[in-house]
Amino acid sequence: MCAKLILEPNPANHCFGCGGANDSGMKLTFELDRDTRRVTGKFILGPRYGGGAGFAHGGIIAIVLDEAMGKISKLTDERAVTAELNIEYRKPVPVDAEIIVSGWQEEEKGRNRFRIGEIHDIQGNLLARGRGRFVVVAQPVAAQQAATT
């Protein structure tokens, strides 16, 4: 199995962040590295997602971080939803320059998945960090079958 998987927008998904069927959506693409157990994405957001002073809108920053953290579920084929999301806005996020977004899981307790997401500029400066608690709503079919036997 390939260690890296490209997570492109699903043409049947209406998700604002990563769906391909949402005409107004961001259509974000990520790379999942099974070896490092991290998700990364490189984007230029563009002026469409701007807020005050010409930088990225805080809500858009939250969406990008939520998407990066949510994609970690692809490692285990779980379906998990965001239960809590805390964003630390460190520096303005540009809309006209490339940003690097990453996400990973720190801890697992029962159905809870505790994850971190970060946005850096191309020089490596930390622009924003998100901490999220995701709750598993559906296990992979193999795990469901093992639990019932």
Side-chain angles (χ1 to χ4, degrees), residues 1-22 24-140 143:
M1 178 184 308
C2 182
K4 295 188 180 186
L5 176 65
I6 303 299
L7 304 173
E8 294 180 335
N10 178 338
N13 186 338
H14 288 275
C15 175
F16 180 77
C18 66
N22 187 334
S24 298
M26 298 180 76
K27 297 178 178 56
L28 299 173
T29 297
F30 291 92
E31 180 178 272
L32 177 66
D33 188 321
R34 294 181 194 279
D35 291 337
T36 64
R37 303 187 67 74
R38 288 183 178 243
V39 168
T40 58
K42 293 182 180 182
F43 316 107
I44 296 176
L45 294 173
R48 177 179 185 182
Y49 300 114
F55 296 104
H57 187 282
I60 295 299
I61 293 167
I63 289 168
V64 171
L65 290 168
D66 183 55
E67 288 292 335
M69 290 184 278
K71 295 295 180 222
I72 296 298
S73 293
K74 297 286 186 183
L75 286 168
T76 55
D77 292 325
E78 296 175 324
R79 288 189 58 203
V81 295
T82 310
E84 295 177 27
L85 183 61
N86 181 31
I87 307 297
E88 180 184 344
Y89 300 93
R90 304 279 305 257
K91 295 181 180 181
V93 175
V95 293
D96 59 352
E98 187 173 65
I99 57 173
I100 302 164
V101 184
S102 57
W104 64 93
Q105 183 164 295
E106 281 198 319
E107 189 177 2
E108 182 176 316
K109 288 184 181 175
R111 292 177 37 222
N112 292 291
R113 308 295 183 254
F114 298 91
R115 298 176 178 165
I116 304 291
E118 292 184 343
I119 299 175
H120 291 86
D121 62 18
I122 202 75
Q123 290 80 28
N125 298 304
L126 178 62
L127 306 179
R129 177 181 291 131
R131 296 181 187 278
R133 179 174 65 89
F134 292 74
V135 176
V136 175
V137 294
Q139 294 282 344

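Hydrogens, waters and symmetry mates play no part in the numbers below; they use all other heavy atoms, side chains included. For this chain, numbers begin at 1 and follow the sequence in order. These numbers come from a predicted model, not from an experiment.
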Exercise for review: Evaluate the side-chain contact (heavy atoms from CB on, under 4.5 Å) criterion for residues L5 and R34: first the C-alpha distance (whole Å), next the side-chain angles of each, then the deciding distance (0.1 Å), finally the verdict.
Suggested key: CA-CA 8 Å; L5 176 65; R34 294 181 194 279; 3.5 Å; yes
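- Taking CG from L126 and NZ from K91, the interatomic distance works out to 8.0 Å, rounded to the nearest 0.5 Å.
- With hydrogens and angles disregarded, no donor-acceptor distance shorter than 3.5 Å links the side chain of R38 to the backbone of W104.
- Across E107, E78, E84, a single residue satisfies salt bridge (Lys or Arg N to Asp or Glu O under 4.0 Å) together with R113, and that is E78.
- For the atom pair CD (Q123) and CD1 (I100), the distance works out to 9.0 Å, reported to the nearest 0.5 Å.
- For the atom pair CG of L85 and CZ of R131, the computed distance is 12.0 Å after rounding to the nearest 0.5 Å.
- To the nearest 0.5 Å, atom CZ of residue F43 and atom CD of residue E98 are 9.5 Å apart.
- By the 4.0 Å N-to-carboxylate-O rule, E31 lies close enough to K4 to be salt-bridged with it.
- Shown here for P94 and L45, the closest heavy-atom pair between the two residues is O-CD1, 4.2 Å.
- What you find for Y89 and A62 is that their closest heavy atoms are OH-CB, 4.2 Å.
- In this structure, the separation between CG on N10 and CG on N22 is 12.5 Å, given to the nearest 0.5 Å.
- Residue pairs that meet the ring pair (Phe, Tyr, Trp, His ring centres under 6.0 Å) test with at least one member in residues 109-135, sequence neighbours left out, do not exist here.
- The shortest non-hydrogen separation linking D35 to A3 is OD2-CB, 3.3 Å.
- In this structure, S102 and T40 approach most closely via the heavy-atom pair CB-CG2, 4.1 Å.
- Atom-to-atom distance recorded for F30:CZ and K42:NZ is 13.5 Å, nearest 0.5 angstrom.
- The two residues L127 and P92 come nearest to each other via the heavy atoms CD2-O, 4.0 Å.
- Closest approach of G130 and M69 over heavy atoms only: O-SD, 3.8 Å.
- Between Q105 and S73, every side-chain heavy-atom pair lies at or beyond the 4.5 Å cut-off.
- Counting heavy atoms from C-beta on, the side chains of V64 and M26 come closer than 4.5 Å.
- A search for side-chain contact (heavy atoms from CB on, under 4.5 Å) contacts involving A128 returns I61, L65, I119, not counting sequence neighbours.
- Side chains of F16 and I60 form a contact here, defined as non-hydrogen atoms less than 4.5 Å apart.
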